[in-house]
**Q** 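Structure incoming, see below.
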Protein chains: 2
Amino acid sequence: MTAEATIAERTYTIGELAAISGLSVHALRWYEAQGLFPRDIPRTPGGQRIFGDEAVRWLALLNRLRDSAMPVADMARYSQLVRAGEGNEADRIALMESHARYLDAQIEELIASREVIRDKIIFYRRAVASRT
Amino acid sequence: MTAEATIAERTYTIGELAAISGLSVHALRWYEAQGLFPRDIPRTPGGQRIFGDEAVRWLALLNRLRDSAMPVADMARYSQLVRAGEGNEADRIALMESHARYLDAQIEELIASREVIRDKIIFYRRAVASRT
DNA sequence: CTAAGTTCTAGAGTTCACTCTAGGTCAAGG
DNA sequence: CCTTGACCTAGAGTGAACTCTAGAACTTAG
């Protein structure tokens, strides 16, 4: 009896997972086709997908990556590394460090942009105010 | 003699402006078609565009807005407000404040994402280290 | 058992922000 | 002049990330 076997896992239909993850049913199927899941999704005898809590957690991570502008291709690459199992941590680290560097640069740039926008707002406020 | 008339302004061909702004020649023509310039671009008798320093400065601003993910439609709306002249500062402020709020949220989210990424990296580094 | 609501696949369609093509016209150096 | 490189317009094409469609199969409440 392995540790995994002791974990009672809820299951979800694709519609339920869509509601939880915020992705559309279509998007979930498309994600699977793009190789964005680190495990094969089991099916009912009739062919319908059965997702588990692991998928819920994985999608939370994917959402983070996507919302921070990681391309789907990179998410797919990462998923495939996880799928391949232990031993490729160096590759995973490289991928994540690359994204972290992108995020650092992006954050800096957005902060600079916010400054510019703020200055514009101040400028227009003054323009309005000076028109007694 | 107005103040403007005293400003000696350099002119630029579309190719020069492309080099300066980092946009392609195609993109600049497309920007004009999208209404992203707050003034009509003058032409030579032969029909070629003549840009001035004002266009250079305007594109620097547009680049900031675009790089901070403002949709072209919003940049067009802003350009049209500037084109319309003084008196619509409230609209300009509303547009910029909306974008500023978006930026604030985006910056927060990217910082949170960076944390998640950093944790992943740390986790993988440990996994590598523990495999003596 | 049946009807309604989900889910299935394969593939076409959409949106955004360009990018590229075709078939010319213009401008500047020699 | 003439050539060559830059520029013109209109419109088609691209890549990313979905979104939607059609027609069929599955599932479940009654």
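All values below come from the heavy atoms of this structure, side chains included, with hydrogens, waters and symmetry mates left out. Below, chain A is the first sequence line, B the second, and so on; all start at residue 1.
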**Q** On DNA chain C, check which nucleotide each of B:His26 and A:Val25 is closest to and give me the residue with the more 5' one.
**A** A:Val25
**Q** Are more than 12 heavy atoms, taken from residues, nucleotides or ligands other than B:Arg83, located less than 6.0 Å from that residue's CZ atom?
**A** yes
**Q** Describe, in one word, how the ring planes of B:Trp58 and B:Tyr78 are oriented to each other, choosing from parallel (under 30°), tilted (30 to 60°) and perpendicular (over 60°).
**A** parallel
**Q** In whole angstrom, what separates A:Gln34's CD from C:dA10's C1'?
**A** 14 Å
**Q** Rounded to the nearest 0.5 Å, how far apart are CE of A:Met96 and CG of A:Asp74?
**A** 9.5 Å
**Q** Are the side chain of A:Ser98 and the backbone N or O of A:Ala94 linked by a donor-acceptor pair below 3.5 Å?
**A** no
**Q** Rounded to whole Å, please give me the gap between CZ in B:Arg29 and P in C:dT19.
**A** 13 Å
**Q** Which pair of heavy atoms, one from A:Ser68 and one from A:Tyr102, lies closest together, and at what distance?
**A** O-CE2, 3.6 Å
**Q** Which is true for B:Arg49 with a 4.0 Å heavy-atom rule: it touches a base, it touches only sugar-phosphate, or it touches nothing?
**A** sugar-phosphate
**Q** Is there any protein nitrogen or oxygen under 3.5 Å from a nitrogen or oxygen in nucleotides 26-30 of chain C, and what are the pairs?
**A**
residue : atom : partner : partner atom : Å
C:dC26  : O4'  : B:Gln48 : OE1          : 3.4
C:dA27  : OP1  : B:Thr44 : OG1          : 3.1

**Q** Could you state the atom-to-atom distance from CG of A:Leu17 to C1' of C:dC8 in whole Å?
**A** 16 Å
**Q** Between atom CD1 in A:Ile41 and atom P in C:dT7, what is the gap in whole Å?
**A** 14 Å
**Q** For B:Gln106, is there any backbone N or O sitting under 3.5 Å from a side-chain donor or acceptor partner on B:Glu108?
**A** no
**Q** For nucleotides 12-15 of chain D, print each protein N/O atom paired with a nucleotide N/O atom at under 3.5 Å, atom names and distance only.
**A**
none

**Q** Please report the distance, rounded to the nearest Å, between OH in A:Tyr12 and P in C:dT6.
**A** 19 Å
**Q** Measure CG/A:Leu28 against P/D:dA17 and give the value in whole Å, please.
**A** 16 Å
**Q** Apply salt bridge (charged side-chain N to carboxylate O under 4.0 Å, His left out) to residues A:Glu97 and B:Arg125 and explain how you reach the verdict.
**A** CA-CA 11 Å; A:Glu97 281 184 335; B:Arg125 278 206 222 285; 2.7 Å; yes
**Q** Please round to the nearest 0.5 Å and tell me the distance separating atom CZ of A:Arg10 and atom CD of A:Glu16.
**A** 5.5 Å
**Q** Could you state the atom-to-atom distance from CZ of B:Arg43 to C1' of C:dT25 in whole Å?
**A** 13 Å
**Q** Of all the heavy-atom pairs spanning B:Ile50 and B:Arg43, show the shortest one and how long it is.
**A** CD1-C, 3.6 Å
**Q** Please work out which residues in residues 54-70 of chain B have a non-hydrogen atom less than 4.0 Å from an atom of DNA chain D and list them by number.
**A** none
**Q** Any donor and acceptor pair, going by atom type alone, linking the side chain of A:Gln80 with main-chain N or O of A:Arg77 inside 3.5 Å?
**A** no
**Q** Please determine whether a side-chain nitrogen or oxygen atom of A:Thr13 lies at a distance below 4.0 Å from atom OP1 or OP2 of C:dT6.
**A** no
**Q** Between A:Arg66 (side chain only) and A:Val72 (backbone N and O only), is there a donor and an acceptor less than 3.5 Å apart?
**A** no
**Q** Output the distance between atom CD1 (B:Ile117) and atom CD1 (B:Ile122), rounded to the nearest 0.5 Å.
**A** 11.5 Å
**Q** Rounding to an integer number of Å, can you tell me how far B:Met75 CE sits from C:dC16 P?
**A** 13 Å
**Q** Does a nitrogen or oxygen in the side chain of A:Tyr31 sit under 4.0 Å from OP1 or OP2 of D:dA17?
**A** no
